[in-house]
Amino acid sequence: MEPIASTPTHCPYCALQCGMNIMPLPQGGVEVTERTDFPVNRGALCGKGRTAAEVLSPAVRLTSPLVRSGGRLAEAGWPEALDRIAERLGTIRQEHGADAVGVFGGGGLTNEKAYTLGKFARVVLGTSQIDYNGRFCMSSAAAAGTRAFGLDRGLPFPLEDIPKTGCVILVGSNLAETMPPSLRFFTELRENGGTLIVVDPRRTRTAEQADLHLAPRPGTDLALALGLLHLVVAEGRTDEEYIRERTTGWEQARAAAMAHWPEHVERITGVSVPQLREAVRLFCEPESAMVLTARGPEQQSKGTDTVGAWINLCLATGRAGRPLSGYGCLTGQGNGQGGREHGQKADQLPGYRKLDDPAARAHVAGVWGVDPDTLPGPGRSAYELLDALGTDIRALLLMGSNPVVSAPRAAHVEERIKSLDFLAVCDVVLSETAELADVVLPVTQWAEESGTTTSLEGRVLLRRRAVTPPPGVHSDLYVLHELAARLGVEKGFPTEPEEAFDELRRASAGGPADYSGITYGRLARENGVFWPCPEPAEDATDEAHPGTPRLFLDRFATDDGRARFVAVAHRATAEEPDAEYPLLLTTGRVVAQYQSGAQTRRVTELNAAAPGPFVELHPRLAARIGAADGDPVTVTSRRGRATAPARITSAIRPDTVFMPFHWPGEGRANTLTNPALDPTSRMPEFKSCAVRVETAASPGTSSRTPAAARQGARPT
Ligand SMILES: Nc1nc2c(c(=O)[nH]1)N[C@H]1C(S)=C(S)[C@@H](COP(=O)(O)OP(=O)(O)OC[C@H]3O[C@@H](n4cnc5c(=O)[nH]c(N)nc54)[C@H](O)[C@@H]3O)O[C@H]1N2
Ligand SMILES: Nc1nc2c(c(=O)[nH]1)N[C@H]1C(S)=C(S)[C@@H](COP(=O)(O)OP(=O)(O)OC[C@H]3O[C@@H](n4cnc5c(=O)[nH]c(N)nc54)[C@H](O)[C@@H]3O)O[C@H]1N2
Ligand code: SF4
Ligand SMILES: [Mo]
């Protein structure tokens, strides 16, 4: 008997994009098996990757379009569902103008889908109102990276460099839970004699691996980074030659840091001066060192300046654009990197080009065969777009996100979504947002289709089709093709991913994220290709471009080739605790659930491991409010209240509570979060807002009871 062939591909979930094999089973269904040739995970998978095939099952996934009639969603045929969407979008556009139709995308969409969605918005709908969930993810790091280096690629070096450097400061990343196979690189770092510093208000599984754990108050990373830079200067640890030759703006940045005295920083952050000094010593003594940030410092209303301050620390010590040294952001979603490069972002055209740049408009319009003047200008950012639903935006096409669970101030966003004249959702499952739609289209997912993603390393990868999708399911590309045709655009929306990719290559050619030298053929042969990878000129004799695993070694991507210091000063979070809301809430993830949970809450094993929300609080705080472990507690902010069981642990600061955000309903963390936006990146402040906590049995207790007031007491 012929052995059944397995197909090498990549995980549907996070930005690590672990390699895996998909093996069809003789009795039907498929199994995920080990794939050892991909250097990032070398066969290892977390529980989500291991169980990913469960979401392929027709028992879990959608298999028929749903159209709302008589107030309820009912199964319908594809032509009817597509006709309905095209008719409604067309009519609303005619009556209210092109900007009355909004589009919302996702960083989990393949490059082909993200590219085509952006093109669909600009060319078919003619709307400026498009943005995506990546705005909620790493946008502050992207903005800071662009500002300092002239280019944003999450990691400017491959993960395999980490074990060889001298010290890594990991700021607000819990990668032991969010990217478990990557922990190995940090374990090897320590085995090789390097050190790991983790900055997190909680002693997470990641922090437990660290040589030094700094536990600042949420929202104070900016002060922390400035305090470290102050000490670097005071202790004479700057690299003056590097600063002179490779940077600009040092004097202003230096002056700003010198205003942040370590003792003052200790008061703001709660991190002691000796700990600050120890961090500086560990970071500065070795030949090389890195700073990596994730959502902790980024999801703040000052995320861009915060990341800027950490970049300043790297630049002042000569630790960027040199072998085994640099600043990197750990991007989160499966295609969080590629999804931010090819035009589903409000201000952007493919190849990481700017929508307000006339040359970029001309180039992309040329590839699209349209007049550059017909391309709309930049639109609103994700939260601002969601906040405008039902006002000037009357209809929304949503692909690859579940904002009812994941957007800040979610109860308000849910109301805005309900107030739309028309909502169409393309999804794999009936998410909480899809439940509110007028039309839901069931689309193919990772193993049912091919497509490329770009991992957190900037490595472009090919996901291969490994199984036949169930009948009744079509791809996102098919949806856009059919809708374009119905709205009068017959050409330019291919249903074949490779055709879409070849067009993306041309659109990206010459841009900052140049993919023109990357082909499906190459991706199938090589273990991914790092961008930029331009195509050699036609008359050139050179071989294909090898791709660029390491950036900035010769020069930064700025006009003068120098990295730019940015003078930044600390500022408070948008909502500081007060007598009524005396504590800080921060939010994040657990290992067994992914994002809004739309996929992972449907997987038996994952759901058993992490069945519901919880509120993490310190024993001293628990004692003050009279809560025992497992008791339901109510967390109240200015946006609303959420109730979930208490999880009492001394691994969190006594002035802080933590909730994971994976669940809808009464334990929805995002009912509480503050949509205060970073002025540059428009990132909402998911990582801190003021709250009070009470046992759920006493929700009526006045906020000004002595118990509530005492919660604010600073830890001793
Ligand atoms: N299991 C799982 N894995 C995932 C995901 C998932 O949903 N589940 N999502 C993927 C995606 S899209 C992303 S973006 C990544 C996110 O990956 P991470 O950034 O690692 O995830 P988070 O849990 O959001 O935040 C990390 C840590 O920041 C800390 N933190 C909170 N506030 C602050 C602060 O003010 N300062 C500092 N320094 N730290 C703070 C939290 O305590 C938390 O431990 O994970 C990816 N991987
Ligand atoms: N409080 C709080 N809130 C947060 C965060 C936080 O740390 N704290 N983190 C933020 C971050 S970093 C992120 S990235 C967001 C993520 O939050 P969401 O944007 O809600 O992300 P997902 O839950 O991954 O939603 C993806 C949806 O797309 C569907 N899907 C999967 N593949 C495809 C596909 O190929 N096509 C289509 N059409 N659909 C598909 C999935 O089934 C799912 O319903 O949450 C943000 N919200
Ligand atoms: S770490 Fe990320 S990519 Fe790897 S198996 Fe888990 S979810 Fe998938
Ligand atoms: Mo994310």
Side-chain angles (χ1 to χ4, degrees), residues 12-16 46-48 55 61 104-110 113 132-138 170-180 198-202 204-207 214-221 224 293-300 306 330-334 336 382 398-408 410 425-434 441 443-446 449 451 456 475-476 479 573 584-600 602 610 616 652 656 658-662 668-670 672-673 684 686-688:
Y13 299 117
C14 87
L16 211 54
C46 79
K48 298 185 295 302
V55 189
R61 71 171 342 289
F104 200 89
L109 301 177
T110 60
K113 295 178 185 193
Y132 80 120
N133 69 5
R135 186 76 71 170
F136 296 161
C137 189
M138 60 336 104
L170 200 50
V171 192
S173 160
N174 184 12
L175 52 78
E177 297 212 43
T178 54
M179 300 178 180
V198 170
V199 183
D200 196 307
R202 303 186 301 140
T204 59
R205 283 191 213 169
T206 313
L214 309 179
R217 254 178 106 232
T220 62
D221 302 80
L224 184 70
T293 64
R295 301 308 80 79
E298 299 169 15
Q299 291 175 325
Q300 299 183 13
T306 301
L330 297 161
T331 295
Q333 298 184 82
L398 185 135
M399 197 177 263
S401 182
N402 185 13
V404 166
V405 179
S406 59
V425 174
C426 300
D427 208 310
V428 173
V429 295
L430 191 65
S431 71
E432 287 70 23
T433 310
L441 296 176
V443 293
T444 47
Q445 49 179 323
W446 61 296
E449 58 185 15
L456 79 172
S475 71
D476 290 298
V479 170
T573 51
L584 278 175
L585 168 73
T586 191
T587 60
R589 297 160 162 81
V590 298
V591 64
Q593 295 289 355
Y594 190 69
Q595 313 273 63
S596 73
Q599 291 151 289
T600 48
R602 288 173 164 84
E616 213 174 85
I652 190 165
T656 302
F658 169 86
M659 289 182 78
F661 77 98
H662 309 292
R668 178 172 66 183
N670 275 320
L672 306 165
T673 49
F686 287 115
K687 288 293 190 266
S688 61

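When a ligand or atom number is given, it counts from 1 through the structure's own listing order. Please read these numbers as outputs of a predicted model, since none were measured by experiment.
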Q: Below 4.0 angstrom from a heavy atom of Val429, which ligand 2 atoms are there? Numbered from 1 as shown, please.
A: 42 (O)

Q: Under 4.0 Å from a heavy atom of Gln599: give me the atoms of ligand 2 that qualify, with their elements.
A: 31 (C), 41 (C), 42 (O)

**Q.** Sequence-distant partners of Thr656, side chain to side chain donor-acceptor pair (under 3.5 Å), two or more places apart
**A.** none

Q: Go through Val443 and Met399 one step at a time and tell me if the side-chain contact (heavy atoms from CB on, under 4.5 Å) criterion holds.
A: CA-CA 10 Å; Val443 293; Met399 197 177 263; 6.0 Å; no

Q: Find all atoms of ligand 2 within a distance of less than 4.0 Å from any non-hydrogen atom belonging to Leu109, and give their numbers and elements.
A: 34 (C), 36 (N), 37 (C)

Q.
Please list, in number order, the atoms of ligand 2 under 4.0 Å from a heavy atom of Met399.
A. 38 (N)

Q) If we only count N/O pairs under 3.5 Å, is Thr673 in contact with ligand 2? A) no

Q. Which one holds for Thr433 and ligand 2: side chain close, backbone close, both close, or neither close, with close meaning a heavy atom under 4.0 Å?
A. neither

Q: Any atoms of ligand 2 less than 4.0 Å from a non-hydrogen atom of Asn402? List them with their elements.
A: 18 (P), 19 (O), 20 (O), 25 (O)

Q: Over 60° means perpendicular and under 30° means parallel, so classify the ring planes of Phe686 and Phe136, tilted if in between.
A: perpendicular

Q | Where ligand 2 meets Cys426 - atom numbers and elements under 4.0 angstrom, heavy-atom basis | A | 37 (C), 38 (N), 39 (N)

(Q) Quick check on contacts: which atoms of ligand 2 are under 4.0 angstrom from a heavy atom of Ala598? (A) 43 (C), 44 (O)

Q: Can you sort out the partners of Gln593 under side chain to side chain contact (heavy atoms under 4.5 Å, CB included), two or more places apart, ordered by chain and number?
A: Val590, Thr600, Arg601, Asn607, Ala610, His662, Trp663

Q | Neighbouring protein residues of ligand 1 - any heavy atom closer than 4.0 Å | A | Cys14, Lys48, Cys137, Val171, Gly172, Ser173, Asn174, Glu177, Thr178, Val199, Asp200, Pro201, Arg202, Thr204, Pro218, Gly219, Asp221, Ala294, Arg295, Gly296, Gln300, Gly332, Gln333, Thr586, Gly588, Arg589, Val590, Val591, Gln593, Tyr594, Gln595, His662, Lys687

Q. Considering residues at least two apart in sequence or located in another chain, which fulfil the side chain to side chain donor-acceptor pair (under 3.5 Å) criterion with Thr444?
A. Glu449

Q: Would you mind telling me if ligand 2 is within reach of the side chain of Asn670, the backbone, both or neither, using heavy atoms under 4.0 Å?
A: side chain

Q | Within-cut-off N or O pair, Val443 and ligand 2, under 3.5 Å | A | no

Q. What part of Asp476, side chain, backbone, both or neither, has a heavy atom within less than 4.0 angstrom of ligand 2?
A. side chain

